[in-house]
Novice: 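Got a structure for you, written out below as structure tokens; questions coming shortly.
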Amino acid sequence: MKFIGRDVLSAKDFTREEVDYIIQKAQDIAADIAQPTPRYRDILKGKVLAALFFEPSTRTRLSFETAMLKLGGGVTGFASSEVSSIRKGETLADTIRTVSSYADVLVMRHDKEGAQRLAAQNASIPVINAGSGAGEHPTQAMLDLLTIKAELGKIDGLTIGLVGDLKYGRTVHSLAYFLSQYDVNLYFISPTTLAMQNRVLESLTMKRVKFKQTNVLQKTIPELDVLYMTRIQKERFVDTEEFQRVKSAFVLTAEDLVNAREKMIVLHPLPRVDEINPNVDSTKHARYFQQVRYGLYLRMALLALILGGLK
Ligand code: NCD
């Protein structure tokens with residue numbers, strides 16, 4: 001397995017063996033960080049991460065930056081293209097070439113699906129996709145897998161339901177690609193108009209993954225080990241009336257969970273809008289805030305592997 005210098009553009013670029021290795025390293029880091037003098041504290045000393053965010057973000061950007069700082073590295077970048085020379089008409093390719101001469105790794109979020117691939121072609125440093133339009137968000141899906149592994153002890157054998165906006169939600173696309181390498185049962189639960197993208201379904205069919213599609217959440221809940229909620233991606237809708245029709249299609253409340261399996265966990269990449277009622281937060285099933293913390297460990301492991309701080 002070789003991680004040094006690698007781009008992270010799509011979940012399809014990683015084997016199961018590689019994903020399991022990254023998860024293992026993230027679990028090592030999680031254990032180490034609790035020690036009085038963490039071993040990983042300075043492994044990226046002198047390295048710089050550039051975070052270029054052309055779309056809003058809280059967790060993804062801050063967790064990448066925090067991960068770099070906790071490994072002894074530094075950070076630069078921008079949280080909105082409004083403050084960069086893109087505003088003056090500079091091309092993305094020139095921006096990327098410029099950043100390549102300052103930083104050692106580039107983390108980028110963009111509303112256009114091909115932007116990270118274009119960046120990777122123009123960069124002399126590794127490029128990590130931190131969200132590409134309605135395409136993919138591979139590092140979120142890696143941290144989702146870490147959360148499942150850490151909370152339930154395994155991934156194989158589980159029944160996992162992905163709920164909400166499966167058409168425009170990029171995290172569920174990457175997560176489905178990764179899960180296709182495990183022995184899982186998948187449920188895709190969404191309004192019919194926001195069903196899982198065909199390109200993802202085709203890839204699952206090719207790999208003989210067991211999946212079912214439905215638009216009813218309630219009666220599926222008792223079968224699930226993982227309930228992965230998502231936000232309806234308002235910013236991707238061309239038609240606001242269509243958004244109004246589906247915006248509150250699935251709202252999970254504590255009452256919905258009475259027939260859930262004892263150990264079932266509820267995840268969400270966040271931000272949530274109204275799809276998880278706050279009364280779920282205090283149930284034994286809620287794990288979406290722990291999931292945020294796993295994101296830090298996962299990104300620490302990934303950066304350390306890509307930049308050669310860890311083998
Ligand atoms: C997600 C995203 O940006 O795709 N957020 C995240 O990175 N945790 C999910 C979303 O915005 O709904």
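Remember, it's 1-based here, ligands and their atoms both numbered in the order they're listed. Not measured: the values here are computed from a predicted model. The basis for the numbers below is simple: all heavy atoms, side chains too, and nothing from hydrogens, waters or symmetry mates.
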Novice: Looking only at protein heavy atoms, which one is nearest to atom 4 (O) of ligand 1, and what is the separation?
Specialist: R170 NE, 2.7 Å

Novice: Taking 4.0 Å as the limit for heavy-atom contacts, which would you say applies to E55 with ligand 1: side chain only, backbone only, both, or neither?
Specialist: neither

Novice: Please confirm whether T171 comes within less than 3.5 Å of ligand 1 when only nitrogen or oxygen atoms on both sides are compared.
Specialist: no

Novice: Tell me which one of L71, D104, V105 satisfies side chain to side chain contact (heavy atoms under 4.5 Å, CB included) with L49.
Specialist: V105

Novice: Are there more than 12 heavy atoms of other residues, nucleotides or ligands under 6.0 Å from atom NZ of K207?
Specialist: yes

Novice: Counting only nitrogen or oxygen atoms and a 3.5 angstrom limit, does R109 reach ligand 1?
Specialist: yes

Novice: So, applying side chain to side chain contact (heavy atoms under 4.5 Å, CB included) with S190, which one of D165, N215, V163, L166 is it?
Specialist: L166

Novice: By number and element, which atoms of ligand 1 are closer than 4.0 Å to a non-hydrogen atom of Q140?
Specialist: 6 (C), 7 (O), 8 (N)

Novice: Is the shortest distance from a heavy atom of P271 to ligand 1 less than 4.0 Å?
Specialist: yes

Novice: Starting from atom 5 (N) of ligand 1, which protein heavy atom do you reach first, and at what distance in Å?
Specialist: L270 O, 3.0 Å

Novice: Return yes when T230 approaches ligand 1 closer than 4.0 angstrom through a heavy atom, no otherwise.
Specialist: no

Novice: How long is the straight-line distance from CG of N185 back to NZ of K210, given to the nearest 0.5 Å?
Specialist: 4.5 Å

Novice: Would you call the rings of F188 and F211 parallel, tilted or perpendicular, taking 30° and 60° as the class edges?
Specialist: tilted

Novice: Count the heavy atoms of every other residue, nucleotide or ligand shown that sit under 6.0 Å from CZ of R208, and state whether that count exceeds 12.
Specialist: no

Novice: Going by side chain to side chain contact (heavy atoms under 4.5 Å, CB included), M300 matches just one of I33, L44, D32. Which one?
Specialist: I33

Novice: Using a strict cut-off of 4.0 Å, indicate which atoms of ligand 1 neighbour a heavy atom of T60.
Specialist: 6 (C), 7 (O)

Novice: Under a plain distance cut-off of 3.5 Å, with no hydrogens placed, do E136 and S10 share a side-chain donor-acceptor pair?
Specialist: yes

Novice: Would you mind checking which non-hydrogen protein atom is closest to atom 11 (O) of ligand 1, with the distance to 0.1 Å?
Specialist: R231 NH2, 2.9 Å

Novice: Report yes if some N/O of Q233 lies less than 3.5 Å from some N/O of ligand 1; otherwise report no.
Specialist: yes

